[in-house]
Amino acid sequence: MLSVLAVLCLGFILNCSSVPMKNPQIQREWMLVSFEEYAKPDLIKYKAGINLTAPAENGKIKGSAFMGCNRMFFSSEFKNNGQLKISGLGSTMMACPDMKLEDDFSKSFKNMTSYSVEGHFLTVKDDQGKTMKFVAADWD
């Protein structure tokens, strides 16, 4: 009986240590609320946002984005020093009547190099000072 209990405890400990760690401050769904000349009501109309809820693998989070037409996908690295790396940005290839937001977002998003989280807001910036601001989808 004691050996069965020991095996069960060992199995429990091993399983707990293999659970992927999540960073709840970053790994959530984010709604885009500020980007270039776009008005917040337009961003809401297009349901503009990014999803970073996937488990981190080797420090990278596979994310997705939607700006009203195509589904976009990318890999992201949010480093402890506020540095950000976006890579592998791609999308589905549907043609929609208005793709300006999607085109502008994809051109800018891949160049974002830093981030900050303040409360329920995520702000990403490029080296030229262009920013995108998101609010946590479960907050607004």
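Start at 1 with the first residue, then count along the sequence. We use all heavy atoms of the structure for the numbers below, so side chains are in, but hydrogens, waters and symmetry mates are not.
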(request) Please examine the side chains of Met132 and Phe105, heavy atoms only from C-beta on, and report whether any two atoms are closer than 4.5 Å. (result) yes
(message) Using the rule that Ile, Leu, Val, Met, Phe, Trp and Tyr join whenever any side-chain heavy atoms are under 4.5 Å apart, tell me whether Phe35 and Val135 fall into a single cluster.
(response) no
(request) Quick one: pull up CE in Met72 and CD in Glu102 and give me the separation to the nearest 0.5 Å. (result) 4.5 Å
(request) Please round to the nearest 0.5 Å and tell me the distance separating atom OG1 of Thr123 and atom CE of Met112. (result) 10.5 Å
(request) Report the C-alpha separation of Leu84 and Ser114 in whole Å, then their side-chain angles, then the decisive distance to 0.1 Å, and conclude whether the side chain to side chain contact (heavy atoms under 4.5 Å, CB included) test is met. (result) CA-CA 5 Å; Leu84 171 63; Ser114 65; 5.5 Å; no
(request) Dump the intermediate steps for ring pair (Phe, Tyr, Trp, His ring centres under 6.0 Å) on Phe121 and Phe134, then the final yes or no. (result) CA-CA 6 Å; Phe121 293 95; Phe134 300 86; over 10 Å; no
(request) Measure the CD1-OG distance between Ile50 and Ser76 for me, rounded to the nearest 0.5 Å. (result) 7.5 Å
(message) Any non-hydrogen side-chain atom of Leu43 less than 4.5 Å from a side-chain atom of Leu101?
(response) yes
(message) Distance check, rounded to the nearest 0.5 Å: Leu122 atom CG versus Arg28 atom CZ?
(response) 10.0 Å
(message) Given Tyr115, which partner from the list Phe109, Phe78, Trp30 fulfils the ring pair (Phe, Tyr, Trp, His ring centres under 6.0 Å) test?
(response) Phe78
(request) Run the salt-bridge test on Asp104 and Lys100 with the 4.0 Å N-O cut-off and return the result as yes or no. (result) yes
(request) Only one of Thr53, Asn51, Ile61 passes side-chain contact (heavy atoms from CB on, under 4.5 Å) with Gln27; say which it is. (result) Ile61
(message) Under a 3.5 Å cutoff, is there a donor and acceptor pairing between the side chains of Asn70 and Thr92?
(response) yes
(request) Could you give me the CA-CA distance, side-chain angles and deciding distance for Met67 and Met99, then say whether side chain to side chain contact (heavy atoms under 4.5 Å, CB included) is met? (result) CA-CA 8 Å; Met67 298 292 139; Met99 295 182 58; over 6 Å; no
(message) Once rounded to the nearest 0.5 Å, what's the spacing between atom OH of Tyr46 and atom SG of Cys96?
(response) 10.0 Å
(request) First locate atom OG of Ser87, then atom NZ of Lys110, and finally report the distance between them rounded to the nearest 0.5 Å. (result) 12.0 Å
(request) Answer yes or no: does atom CG of Asn81 have more than 12 heavy-atom neighbours from other residues, nucleotides or ligands under 6.0 Å? (result) yes
(message) Let me check something: do Phe74 and Val124 share a hydrophobic cluster, defined by ILVMFWY side-chain heavy atoms less than 4.5 Å apart, either directly or through other members?
(response) yes
(message) On a heavy-atom basis, which atom in Ala95 and which in Cys69 lie closest, and how many Å separate them?
(response) C-SG, 4.4 Å
(message) Taking Lys130's backbone N and O only, do any of them form a donor-acceptor pair with Asp126's side chain (distance below 3.5 Å, no angle check)?
(response) yes
(request) Could you please spell out the steps behind the side chain to side chain contact (heavy atoms under 4.5 Å, CB included) verdict for Ser108 and Glu36? (result) CA-CA 10 Å; Ser108 294; Glu36 294 182 357; 3.4 Å; yes
(message) Quick one, Leu32 with Lys133, criterion side chain to side chain contact (heavy atoms under 4.5 Å, CB included). Give me CA distance, side-chain angles, the key distance, then yes/no.
(response) CA-CA 6 Å; Leu32 185 59; Lys133 189 170 187 176; 6.0 Å; no
(message) Between Thr113 and Asp127, is there a side-chain donor-acceptor contact under 3.5 Å, judged purely by atom types and distance?
(response) yes
